[in-house]
Structures are given as structure tokens and as C-alpha cells.
Participant: 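My structure is below; once you've seen it, I'll send some questions.
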Amino acid sequence: MRNIVIVGASKGLGNSMIDGLGKKEDTFFLISRTKPMNLDLQADYKKIWIQADLSNLDSIETILQAIAKTPIDIVIYNAGIWEKTNFEEVTPTEIVSIINVNLTSVILLTQKLIGNIRSGRLKKIIFIGSTCGLENEGSDAIVYNATKFGIRGVTHALREYLRKDLISVSCISPGSIASDIPFSDGAETALKKHSNERMPVADIISIINVILDSSVATCIKEIHVPALKDTDL
Ligand SMILES: NC(=O)c1ccc[n+]([C@@H]2O[C@H](COP(=O)([O-])OP(=O)(O)OC[C@H]3O[C@@H](n4cnc5c(N)ncnc54)[C@H](OP(=O)(O)O)[C@@H]3O)[C@@H](O)[C@H]2O)c1
């Protein structure tokens, strides 16, 4: 029985985490702007959707009110957005929005949930970065890359801050994921659709399960997971 917060849970990797991680009697707090795809599907675990737009920092208050003083075992911050145009066309509003969703909300929400995590049992925080946050990746998405480098900085400093509480902080930096193919469709479907060029969500979820199953003595700092066919590293 675990209380799990997934930020960015309506679709893609975050939505697949619900089916991939869920165990009997878990409770998921699912944060996104739109309704999670599988919210109404019957399951052994409970799903609570908190509607919030993290590009607006005031939405953090909505999330905190919904979670209140519930002890939280696991926080997975997965929400991530990227620029849609080349650098010289990105608007100031879009820049602020990407930084708010990918980085500022990571810091703010984690800060505000520390009390809940301290009173939880498993004490795990996992951030989803990207290989775009690693040296020499080759992407020219300036704002996205800045936030994904930033989330690694948050990971390392937060681990120092929370060491005394035995709260572990990990960052998984994946490369190309077949996040358009849900966990429930199976890895083979994802491999077939993307000609083995994108990793099935199940592979990232297996890695998350390794972190969740490790004891309080273990500190998994960072995991870099490019797809084998990602040649830009
Ligand atoms: N896909 C890849 O190849 C890849 C590679 C490396 C790293 N990653 C990272 O993996 C994570 C998931 O990627 P994905 O491909 O699964 O992305 P996705 O399918 O676009 O899903 C992103 C999730 O974030 C939520 N989100 C976006 N903007 C939000 C906002 N303003 N407020 C609240 N929630 C918001 C979305 O929900 P709503 O739209 O409903 O708000 C959605 O649930 C991201 O951090 C991404 O950077 C992905």
C-alpha cells in the first residue's frame, strides 16, 4: 500500500507508469492539465486526478490542497515540454512556460511536499530528465536542454539536503522513448512501430521499479538510458 504522486500523468510515459507500477491498494495522485487516459479504467489501485497547469506556479497550491497531509511514499516528476520552433522564434511566454513546467515546478512542488515524504514509508523522489541534459548530446533545443541539465542539478543538491532524512533522490535521463505506445499495448508493439529505434515505456518503468525496490541504504544517483540507436551522444 503506497501513496504515489506522478506529475505529468495524462498520457505518454507518465500515464503508462500507472499501469506499470501500480500494485494492489496503491493510491496514485495524478497531476496534469487533461484527464489521464486510463483514469476511469477499473484497477486494484486508486487513482485521484489533480487538474493543474504547471506553467502557472499558482497551480502548486491546488496540488497541495488536494494532497493535504497525506503521507507520500514516492514522487515521480515526469512532466516535460519542449520548444516547437527553432531558437530564434521561441517567444518569451514559451520560454517561461517550459522553464516553469520542467524546472521551477520541480523545485517548488518538491519543496512543498518534503513534509509529506518525510512521513511516508518509502521516501523516494525520482525525476525524469533526458539525454538532452547530458554533455555532447547534440540537440539544439536551448530552453529544453537548459531545464534538463537543471533537473540534474536539483537532483544532486536535493540529495545532499535530504540525506539526513534518508530520502533518496534519483534522476533518470532517457533517450528516445516510444511514449506514444502505452504500457498496456506491450513492448513488442512499440518496437515494431518504431523499428527498434525507440525504447518501450516498459523499459523505463523497469528501471523505476529497481529504484523503488532498493532499500533505504542505497542511493541510485543518476541513470543514463539512451536508446541503442540514439547516435547523437
Ligand atoms: N519521449 C521521449 O522520447 C523522451 C526522451 C527523453 C526524455 N523524455 C522526458 O520524459 C518525460 C515524458 O515524456 P513523454 O514523451 O511521455 O511526454 P508527453 O507524452 O508529452 O507527456 C507529458 C506529460 O506532461 C504533462 N504536462 C505537460 N505540460 C503540463 C503542464 N503545463 N501542467 C501539467 N502537466 C503538464 C502532460 O499532461 P497534459 O498535457 O494533460 O497537461 C503529459 O501527461 C518528459 O519529461 C520528457 O522530457 C521523453
Side-chain angles (χ1 to χ4, degrees), residues 5-21 28-39 47 49-63 66 75-84 93-106 108-109 126-134 137-139 141-152 154-155 170-183 185 190-191 193-194 196-205 207-208 222-230 232-233:
V5 174
I6 300 181
V7 185
S10 63
K11 59 180 177 166
L13 176 63
N15 186 264
S16 283
M17 285 177 198
I18 307 167
D19 296 327
L21 300 176
F28 285 95
F29 293 94
L30 305 170
I31 298 163
S32 52
R33 291 168 301 180
T34 58
K35 185 174 163 179
M37 279 162 39
N38 48 8
L39 189 71
K47 295 174 267 187
W49 175 36
I50 307 171
Q51 186 171 23
D53 179 352
L54 291 161
S55 64
N56 173 1
L57 300 180
D58 293 339
S59 70
I60 301 282
E61 200 43 51
T62 309
I63 299 169
V75 174
I76 304 176
Y77 197 104
N78 162 79
I81 55 173
W82 42 89
E83 44 268 63
K84 303 277 181 290
T93 308
E94 197 181 353
I95 293 173
V96 171
S97 184
I98 295 168
I99 294 174
N100 279 351
V101 174
N102 294 11
L103 194 56
T104 312
S105 289
V106 174
L108 253 180
L109 188 61
I126 299 175
F127 296 136
I128 302 299
S130 165
T131 49
C132 289
L134 306 176
E137 195 270 347
S139 152
I142 282 81
V143 192
Y144 181 69
N145 286 19
T147 61
K148 292 300 185 180
F149 268 85
I151 204 169
R152 294 176 57 220
V154 176
T155 306
S170 310
C171 182
I172 301 172
S173 295
S176 304
I177 309 170
S179 60
D180 56 331
I181 306 294
F183 179 82
D185 284 9
L191 292 170
K193 176 172 178 195
H194 293 285
N196 297 336
E197 288 184 350
R198 291 185 161 265
M199 299 176 281
V201 288
D203 290 358
I204 308 301
I205 290 167
I207 291 168
I208 294 174
E222 284 202 68
I223 302 184
H224 302 169
V225 204
L228 190 58
K229 290 201 175 188
D230 284 349
D232 45 3
L233 273 171

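Both counts, for ligands and for their atoms, begin at 1 and track the order of listing. Throughout, numbering of the chain's residues begins at 1 and tracks the sequence. Just so you know, these numbers come straight off a predicted model, no measurement behind them.
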Participant: Examine ligand 1 and decide if any of its atoms is less than 4.0 Å from a heavy atom belonging to Lys35.
Facilitator: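 It does not, in that no heavy atom of Lys35 comes within the 4.0 Å cut-off of ligand 1.
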Participant: Out of Thr131, Ile177, Val7, whose heavy atom sits nearest atom 2 (C) of ligand 1?
Facilitator: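 Going through Thr131, Ile177, Val7 one by one, Ile177 has the nearest heavy atom to atom 2 (C) of ligand 1.
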Participant: Taking atom OH of Tyr77 and atom CD1 of Ile31, what is their separation to the nearest 0.5 Å?
Facilitator: 8.5 Å
Participant: Might you point out which heavy atoms bring Thr34 and Trp49 nearest each other, and give the distance in Å?
Facilitator: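 The pair with the smallest heavy-atom distance is C-CZ2, 3.3 Å.
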Participant: Within the protein, is there a heavy atom lying under 4.0 Å from atom 13 (O) of ligand 1?
Facilitator: no
Participant: Counting heavy atoms only, which of Gly8, Ser139, Gly129 comes nearest to atom 23 (C) of ligand 1?
Facilitator: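 Comparing heavy atoms across Gly8, Ser139, Gly129, the nearest one to atom 23 (C) of ligand 1 lies in Gly8.
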Participant: Less than 3.5 Å between some nitrogen or oxygen of Asn78 and one of ligand 1, yes or no?
Facilitator: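 Yes, Asn78 has an N/O under 3.5 Å of an N/O on ligand 1.
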Participant: Please state whether Ser105 comes within less than 4.0 angstrom of ligand 1, counting heavy atoms only.
Facilitator: no
Participant: Run the numbers for me: atoms of ligand 1, each under 4.0 Å from some heavy atom of Ala79, listed by number.
Facilitator: 24 (O), 45 (O)
Participant: Does ligand 1 have a heavy atom under 4.0 Å from the side chain of Ala9, from its backbone, from both, or from neither?
Facilitator: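 It is the backbone that touches ligand 1; the side chain stays farther off.
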Participant: For Arg198, is there an ion pair with Asp180 - N to carboxylate O distance below 4.0 angstrom?
Facilitator: no
Participant: Taking all atoms of both residues into account, what is the closest heavy-atom pair of Ile63 and Ile50, and its distance?
Facilitator: CA-CG2, 3.9 Å
Participant: Indicate whether any N or O donor in one side chain lies under 3.5 Å from an N or O acceptor in the other, for Asp230 and Ser176.
Facilitator: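 The answer is yes; a qualifying pair exists.
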Participant: Counting each atom of ligand 1 from 1 as listed, which ones have a heavy atom of Gly175 under 4.0 Å away?
Facilitator: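 Per the distance check, 3 (O), 4 (C), 5 (C), 6 (C).
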Participant: Taking both backbone and side-chain atoms of Leu13, is any N or O found less than 3.5 Å from an N or O belonging to ligand 1?
Facilitator: yes
Participant: Measure across Gly175 and Met199 and return the closest heavy-atom pair with its distance rounded to 0.1 Å.
Facilitator: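 In this case the closest contact between Gly175 and Met199 is N-CE, 3.6 Å.
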Participant: Indicate yes or no: does an N/O atom of Trp82 lie under 3.5 Å from an N/O atom of ligand 1?
Facilitator: no
Participant: So which protein heavy atom does atom 36 (C) of ligand 1 come closest to, and at what separation?
Facilitator: Ser10 OG, 3.7 Å
Participant: Side chain to side chain contact (heavy atoms under 4.5 Å, CB included), that's the test. Do Ile98 and Trp82 meet it? Break it down for me.
Facilitator: CA-CA 6 Å; Ile98 295 168; Trp82 42 89; 5.7 Å; no
Participant: Using a 4.0 Å heavy-atom cut-off, which part of Asp53 comes near ligand 1: side chain, backbone, both, or neither?
Facilitator: both
Participant: Applying a heavy-atom cut-off of 4.0 Å, say which part of Leu54 lies close to ligand 1: side chain, backbone, both or neither.
Facilitator: both
Participant: Given side chain to side chain donor-acceptor pair (under 3.5 Å), test Asp53 with Ser59 step by step and report yes or no.
Facilitator: CA-CA 6 Å; Asp53 179 352; Ser59 70; over 6 Å; no
Participant: Using a 4.0 Å cut-off to any heavy atom of Ser176, which atoms of ligand 1 qualify?
Facilitator: 3 (O)
Participant: Please identify which atoms of ligand 1 are closer than 4.0 Å to at least one heavy atom of Gly12.
Facilitator: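 Answer for ligand 1: 16 (O), 19 (O).
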Participant: Applying a 4.0 Å heavy-atom criterion (strictly less than), which segment of Ser59 is in contact with ligand 1: side chain, backbone, both, or neither?
Facilitator: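 Neither part.
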Participant: So, Asn56 versus Asn100: side-chain donor-acceptor pair below 3.5 Å or not?
Facilitator: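 No, no side-chain donor-acceptor pair sits under 3.5 Å.
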Participant: Of the protein's non-hydrogen atoms, which lies at the shortest distance from atom 28 (N) of ligand 1, and what is that distance?
Facilitator: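 Here the closest protein heavy atom is Arg33 NH2, 3.4 Å.
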Participant: To which protein heavy atom is atom 1 (N) of ligand 1 closest, and what is the distance rounded to 0.1 Å?
Facilitator: Ser179 OG, 3.4 Å
Participant: Have a look at Ser32, Pro174, Gly14 and point out the one with the heavy atom closest to atom 6 (C) of ligand 1.
Facilitator: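 The nearest heavy atom belongs to Pro174.
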Participant: Can an N or O of Tyr144 be found at a distance shorter than 3.5 Å from an N or O of ligand 1?
Facilitator: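 Right, the criterion is met.
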Participant: Starting from atom 33 (C) of ligand 1, find the nearest protein heavy-atom neighbour and note its residue, name and distance.
Facilitator: Ala52 O, 3.3 Å
Participant: Under 4.0 Å from any heavy atom of Ser55, which atoms of ligand 1 are there?
Facilitator: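 Reading through ligand 1 atom by atom, the close ones are 31 (N).
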Participant: For Ile76 and Val5: C-alpha separation, side-chain torsions, deciding distance, then whether side chain to side chain contact (heavy atoms under 4.5 Å, CB included) applies.
Facilitator: CA-CA 6 Å; Ile76 304 176; Val5 174; over 6 Å; no
